[in-house]
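The next block holds one structure in the form of structure tokens; read it before the comments.
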Amino acid sequence: MTRLSAEMLAADTAEPITSAGNAQLGIAVLVGIAVIVLLITRFKLHAFLALTLGSLVLGAIAGAPLDKAILSFTAGLGTTVAGVGVLIALGAILGKMLADSGGADQIVDTILARAGGRSMPWAMVLIASVIGLPLFFEVGVVLLIPVVLMVAKRGNYSLMRIGIPALAGLSVMHGLVPPHPGPLVAIDAVGADLGVTLALGVLVAVPTVVIAGPVFSKFAARWVDVPVPERMIPQRVSEDLKTRPGFGPTLATILLPVVLMLSKALVDIVVDDPGNTVQRVFDVVGSPMIALLAAVLLGIFTLLRPAGFGRERLTPLVEKGLAPIAGILLIVGAGGGFKQTLIDTGVGRMVLDLSKDWSIPALLLAWLIAVAIRLATGSATVATVSAAGLVAPLAADMSTTHAALLVLAIGAGSLFFSHVNDAGFWLVKEYFGLSVGQTLKTWSVMETIISVVAGALVLLLSLVI
């Protein structure tokens, strides 16, 4: 068990900072979440501020002394940022290197050169899934939309037939596969093993993205037939570069952290001896921070140098890559603070006590809680961190695989039915030139399919492993 996981377990089992009963705690949770939802949706307050205020309201209604509620929030914020902040930063740097060097364009062009006709939607899924590994969803959308629009225009394809598979690939990676912020926070909250979660996440992601991408795109293309909005086709980064990285080195750089983390998980299962030298080596090289750091360092030689980037451009690139994640880090940190407030006020124990009398499986409960918060707030990240805080105590007696499945259940629920309170909804609407109704029939339905299919697969896996 890592030091961070041990600290979280100690926090989970510590005495609550209030002696409130289950009824009062239940009211506190509902009011706290309602405050967060109202501040985000009605007053358009930033999610960081909404989570901060919601945590304080939760503590106050639960009867906790204000100083202790503040301490719980700040401790949770600090622990969460310490656990995942560096990983999010390294992922952002790698994504920026991939985009600015033209490496992403190289992968796109290489795969599209070998695809055509009926295989094109499958090529788009592959492109989005590969590129989506190190990129945040919004960055992936901005990067891939020009490709989607150009392919649809030049190949005379239906925009939905090409666009839905690309969006599905990005969304599934964002919700289910670390090192994206949502899965990382959930792993941190429930004390799950990252390597096992990554392996099971990929296992769930493959059939999910097939059903929500190429299969559903056939129906989406019939429901919504719109022309390609040429005004939205921007210039690609690589068009300003004289040279760009090769396909093989770029792909190797993207997949390096995945390979290292999966290798660690495999060695842990096969060797299962903490004193073994091989296992100790893989515990280091397969740790998320070292795996992502290795990819970033490798990217200097495989991505930046082939694109003609000198040393003087490295620091500005890193600074530009880190700038957009400030808000994400604060939201994730505040989510961790909200989670710790839930735990310290005794809400986690309340959920644990009540769930003993329910016939609903823990994985389904986690999925439903994430769905409810997603529908209310519109944010997959807020839904993930809030649901993880509520159901974290349920993982105490779970096996390693079931703790990982709990993370995936939360991630699946956090993607359910994106609608008008989700920034991603409007991003897709504007880029594809859709009406609100058309966006609901395509993007929103696709997100719901991802959530339901992934949730069902998680429940099925829990029966056999």
Side-chain angles (χ1 to χ4, degrees), residues 4 46-49 51-52 74 77-105 131-144 170 173-174 177-185 187-188 194 234 237-238 240-241 245 250 253-254 256-258 260-261 287-337 379-382 384-385 423-424 427:
L4 184 59
H46 192 274
F48 167 70
L49 295 174
L51 283 163
T52 303
T74 53
L77 186 150
T79 301
T80 301
V81 172
V84 302
V86 175
L87 307 185
I88 294 174
L90 289 172
I93 295 170
L94 180 59
K96 185 67 174 174
M97 293 168 68
L98 185 67
D100 285 9
S101 68
D105 287 342
I131 291 181
L133 280 171
L135 294 178
F136 296 119
F137 176 78
E138 291 79 4
V139 177
V141 169
V142 173
L143 193 63
L144 280 182
L170 289 174
M173 293 296 114
H174 170 70
V177 182
H180 286 281
L184 282 176
V185 170
I187 289 168
D188 196 28
L194 190 144
V237 173
S238 64
D240 295 327
L241 299 173
T250 303
T253 304
I254 294 173
L256 177 63
V258 177
L260 290 176
M261 286 187 281
S287 65
M289 187 186 79
I290 297 300
L292 281 167
L293 181 60
V296 169
L297 295 177
L298 179 63
I300 295 175
F301 302 97
T302 59
L303 299 175
L304 300 187
R305 283 194 176 181
F309 285 28
R311 296 177 182 176
E312 69 281 356
R313 294 189 63 176
L314 180 59
T315 298
L317 183 144
V318 171
E319 290 176 347
K320 290 179 181 178
L322 292 176
I325 68 166
I328 294 173
L329 278 174
L330 288 172
I331 292 172
V332 167
S379 170
T381 303
V382 171
T384 299
V385 297
L427 191 65

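- Residue pairs meeting the side-chain hydrogen bond (donor to acceptor under 3.5 Å, both in side chains) criterion with at least one partner in residues 81-92, sequence neighbours excluded, do not occur; the list is empty.
- Between Leu241 and Asp105, the closest side-chain pair of non-hydrogen atoms is not below 4.5 Å.
- Take Ala334 and apply the side-chain contact (heavy atoms from CB on, under 4.5 Å) test, not counting sequence neighbours, and it matches Phe48, Leu51, Thr52, Phe73.
- Separation of atoms CG (Leu194) and CG (Leu87) is listed at 8.0 Å; rounding is to 0.5 Å.
- Closest heavy-atom contact between Met97 and Gly299: CE-C, 3.2 Å.
- A 4.5 Å side-chain heavy-atom check between Leu304 and Arg313 finds every atom pair outside the cut-off.
- Within the structure, no pair that satisfies the salt bridge (charged side-chain N to carboxylate O under 4.0 Å, His left out) test touches residues 292-309, not counting sequence neighbours.
- Residues passing the side-chain contact (heavy atoms from CB on, under 4.5 Å) test with Thr253 are Leu94, Leu298, Thr302, Leu303, sequence neighbours excluded.
- Taking each heavy atom of Gly321 and Ala92 in turn, the nearest pair found is O-CB, 3.5 Å.
- Leu329 and Val81 get closest at one heavy-atom pair: O-CG2, 4.2 Å.
- With sequence neighbours left out, the side-chain contact (heavy atoms from CB on, under 4.5 Å) criterion links Pro183 to Pro178, His180.
- Lys320 NZ to Ile93 CD1: the interatomic distance, rounded to the nearest 0.5 Å, is 14.5 Å.
- The OG atom of Ser287 sits 9.0 Å away from the CG atom of Leu292 when rounded to the nearest 0.5 Å.
- Across all non-hydrogen atoms, the minimal contact from Ile331 to His46 is CG1-CE1, 3.6 Å.
- Shortest non-hydrogen contact noted between Pro245 and Pro306 is CA-CB, 3.8 Å.
- To the nearest 0.5 Å, the span separating CG on Asp100 from CG on Leu317 amounts to 5.0 Å.
- Scanning for side-chain contact (heavy atoms from CB on, under 4.5 Å) contacts around Ala294 gives Leu256, Leu260, with sequence neighbours left out.
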Could you go through the side chain to side chain contact (heavy atoms under 4.5 Å, CB included) check for Leu314 and Val318 one step at a time? CA-CA 6 Å; Leu314 180 59; Val318 171; 4.2 Å; yes
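- With contacts defined as side-chain heavy-atom distances shorter than 4.5 Å, the pair Leu322/Lys96 does not qualify.
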